[in-house]
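Bear in mind that the values here come from a model prediction, so they are computed numbers and not experimental data. Values below: every heavy atom of this structure, side chains too, minus hydrogens, waters and symmetry copies. So that the names make sense, note that chain A is the first sequence line, chain B the second, and so on, each numbered from 1.
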Amino acid sequence: MARLNKSFDKALWVFHVNSGSCNGCDIEIVAALTPRYDVERFGIKLVGSPRHADVMLITGPVTKKLSEKVKRVYDQMADPKAVIVVGTCGCTGGTFYESYTLDGPVDNVIPVDVYVPGCAARPEAIIQGVVKAWEKLEKLRGDSV
Amino acid sequence: MGETGEVEGGFGLRHYIERFTPSAEEFLRKKELTPQELAGWFAEKFGERVRDIVAKEKPEGTKGALRRTIWMNADREILRDMIRSLIDEIHYPHLSVISGTDEGEKVELQYHIQVYYGERATETTISVRFALPKDDLWIDSICDLIPGALISEREKQEMLGVDVRNIYDSRRYFLPDDFPQGVYPWRKDETGIKPEMVRKLSEVGL
Amino acid sequence: MSASEQHIGLDIAPAPGKKAPYRFQVGPIHPALKEPMMFDFTMDGETVVNVDLVGGHNHRGIEWMGMRRNPVQTLYLAERICGICSATHSFAFSRAMEDALDIPVPARAEYIRVIVAELERIHSHLLWAGVAAHEIGFDTLLHWTWKLREGVMDALEYISGNRVNYGMFQIGGVRRDITPEMVPKIHDYLDYYEGILGKIIHVFLNDKTVQMRTQNIGIATKEDVVKLAAVGPTARASGWKTDVRYNQPYSAYANLDIEPITPEAVRGEVVGDIYDRIIVRALEIKQSIEIIRGCVSQMEPGEILWEPKMAKLLMELKKRGGEGVGRHEAPRGEAIHYVKKVAGDENVTYWKVRASTYNNLLAWVPMLIGDEIADIPLIVASADPCFSCTDRVAITNNAGKTILTGEELHRLSVEKTRRLMQ
Amino acid sequence: MSSVELLFRIVIGTLIAAVGGIVIGLAAKGVDRKLHARMQGRVGPPLRQPFYDVLKLFAKDNTVPDNAVGWMFNAAPVICLAGAITLLLYIPFGSILPVLGGHGDLILLLYLLIIPGLAMVVGGFSSGSPYATVGAQREMVTMIGYELPLATAVIAIAAKMNELFPAEPAFALSTIAAHPLWGEMGLLGIIGFAILAMIMVIVTPAELSKIPFDTPEAETELAGGLMVEYSGRNLGLFYLADGVKTVVMGAIIVALFIPHNLSPVFTGIAQGSIGAYMVDFGFFLVKLAAVVFFAVTVLRTAVARLKIAQVVTLYWIPLTMIALLGLILMMWDSVPMLHIAPWLGGA
């Protein structure tokens, strides 16, 4: 992990995965990209391929049909990487606390670094989540040096 | 667009739409009827095979708009006949959805059909209930008459275990492929969701 | 992104003397799809020969959950079927419940419901416009439309207190009033949209590259949409005048004159392509602004709830029984809920949700066949799909334990609000 | 010049060109992204953002997919960057003459321009993903598409050079840089020349895979297309190559159409002095930024992505026609034409 250099703080590329969410958080993620919030200011960029990504933003309570795919996308991401769960249902199951087609919450499927609760999570909260992910990466850097 | 002939099978929906005789007149309303008259038409046409017809006109708002609804029970054998007659004599029906309930001894399907759309405040919702005994659970497919019924019919197969006869695509749509066969989420008997299948997300990791 | 084993039934026989068609899969996780859905294409070069839809990735079992919760709990679950159509499903569900149990709704509440539903339509159409622009690589338009959309979100937040999942609806009314002090600000918001909207619509309808990418692409004829039972803007863009607000007026819509919008108004003819769907949605935004103006001016003071006391409401709901259907014209088209409640039963006995995309799914097949790979994302987006609505279905159990009690949650919320206000 | 001296010059020159090209390229990307964001009503990333991106990419893991052809997959980004840097050795920066100035001309440049694109195609095909394959096919088709108007423009300029300065090698960039054509022609010629400049500006985004011609990488269709399987260092190399290519394309346009230098204006600075080089280089950067702004930033802000068939049609029919028109106008401007229609000759 010694390879973690400072540029990580300033250039986080994000890949968005919807694991069966209601869309509420997903539109808020897009809203975070647009002029009002403009996360590109902080070097955060949404990318189209998991191979390019540093951070996975995952929404939704993980349906059975998608849990394999979510794992695969996680594996496709190059190290070092972080996972941020956006939305209450991904954090704990939330309103879908009981079901027959869910494999979630997300941390049951892949390791999670940051939880952003909210139904739906506000763009400000999502940005804060990404900032927390930086802190985590910074901590990793501290440990390894 | 004409290539569908070369690639057959699967989701040959295009093929289906084209096979079903298209003509502009088919969409036109053939006869203007009030809900009461429509109820009478059903009673006359199908006699004993439709029962408990209730026609309602409920006022909505201040401009005299009426919400027209008809509820009825019918024998499943007349389903195709009913749709065909609606197309030929009344109006090409818009199938909103097929819903279904588990009534203990039988499964009941409700077909929510709209006619007389296209003009202000004339639309009539016809909800037809078909009771299917659980030991002989089938209904005819209406995909050739209304191709848009496909998803709804597939859903009834996987959620209630109804055998839709002559459906051209009987795969599951909603449930995962590894979902056990013979379990139907909307049933409230032993074939419904078993308690051990229910995952309590709120308790994971606590 | 991946090969998968779940496609059965595609039986491809290459025509003699022709290059064998190959399979090309899009999804379920793909940047063009903000939600999981899989398309299994049979391609000939860059042309789509056939397409199979594999859905259900969002299936959460909401209907099953709803059948184990009481009507008020289910109402909030209905709101979470889809984060974009939060008002849609709560509107349709409350109407179904009111129809089944014979509950009257105060006139003022009907107007407030319509205002929220129309604000939602504006934000949903703007969202769609931005996503569609993004699909064709026109990010500038995405940013412009979403900037405008933030204004709508502000209005929704101002009225309801939340950006998504507004929690405005209650069986037999609405939970929050629009007070007279709020009215001028709502007018300000509406003026703001009207000011910018014209420019954005102008770019959408007149930009050469947008026209190149949208005209005569993804065509669905009127025959296709009628037979496939498509609804909403998807159907209207093909010339089918279907709009629940017009065909079967309900709520406060019955007091207003609403005409379904078809593309002839701008183009003079109906083609049924993506461009037509842009026209329909663009004009509907303007229509929604007028509807809200109408509602705000017609609204008269009065009650907003049939039964304000929760305990009494729940008791009343438990006592009554019946079955009913509730329909609402969502931004994407007709949404219909069917409920059945047995008298004396605490829970909703049966609940069927049918969202607009459910019916529009099949309309993709005629749209996609014959078009190119590059058109796929835009065609898919042009129906404004909402898979979470379509796949919906999640369920709750009354026996489920909550870790926070209602009082605790309320206390925490108040504290948080105080903190934020400092 | 002895061969040792030449070798020394090449090594040092290449190093300077590589470092300079990369730095200028990344800076150009930063400016482009910032302006792009401002035009969209956003604040946008800081100017240094591309540098952070690259540093980060080099720190990441480099994944090679199982079904990829490993050596090709890894070689492609290196070749791509090397190809782009090689191009820099033939292009003058202001009054700084190219390292290999005397050894190659425009024709060589046209060939070399294909190398980075070809490397990307090879990388795409070798990554074993259907998205990358489709992207690679599209990249090839795009390359075939824009070569025609590009070649027409280059040939037109060379033909004019040959006509005006028969003593000097027509295709050499040094000739073109030494004699800006604007002052050498009549009105028709100037119009033709301006048309060719416009053609070059429109070819640039295709060469750089930028909207509206980013079909090979279309994020929403192909999830990154050619690049879909690349990560870490390899992706970083492509990222750098993209920056260098931006400089190359910008510099070619500057050299062909606005090779003017600023130092002659200042009488106080001696020609050939360090000061003169600095001034010209600074002026070159300004010109480069202007070209990148119009060819990349404005274009990608103002239009939507085209489809591959539309890209090819656009380049082959209207743009080639316009390029030919430019060529004809420049030829028409020649002296013999004045005998036929003196009033057409303009000045």
Open item on the list: Counting heavy-atom pairs closer than 4.5 Å to chain C, which one of B:Arg68, B:Gln110, B:Lys58 comes out on top?
Closed with: B:Gln110
- [ ] Give, as side chain, backbone, both or neither, the part of B:Arg187 having an atom under 4.5 angstrom from any heavy atom of chain C.
- [x] neither
Task: Centroid-centroid distance, B:Tyr117 to C:Trp240, less than 6.0 Å - done: yes
TODO: Calculate, to the nearest 0.5 Å, the distance between atoms OG1 and CG belonging to C:Thr234 and C:Asn360 respectively.
DONE: 4.0 Å
Open item on the list: Under 4.5 Å from any heavy atom of chain C, what part of B:Glu158 do you find: side chain, backbone, both or neither?
Closed with: neither
Task: Residue among B:Ile98, B:Leu66, B:Thr125, B:Leu95 with most heavy-atom pairs under 4.5 Å to chain C - done: B:Thr125
Open item on the list: Is C:Val231 in contact with chain B via its backbone, its side chain, both, or neither, using a 4.5 Å heavy-atom distance?
Closed with: side chain
- [ ] Answer with side chain, backbone, both or neither: which region of C:Ala230 has an atom nearer than 4.5 Å to a non-hydrogen atom of chain B?
- [x] backbone
Task: Per-residue contact mode, C:Tyr338 against chain B (heavy atom under 4.5 angstrom) - done: side chain
Open item on the list: Ring of C:Tyr358, cation from C:Lys352 - is the NZ or CZ under 6.0 Å from the centre and inside 45° of the axis?
Closed with: yes
TODO: Answer with side chain, backbone, both or neither: which region of C:Ser251 has an atom nearer than 4.5 Å to a non-hydrogen atom of chain B?
DONE: backbone
Open item on the list: Counting only non-hydrogen atoms closer than 4.5 Å, does C:Glu323 touch chain B with its backbone (N, CA, C, O), its side chain (CB onward), both, or neither?
Closed with: both
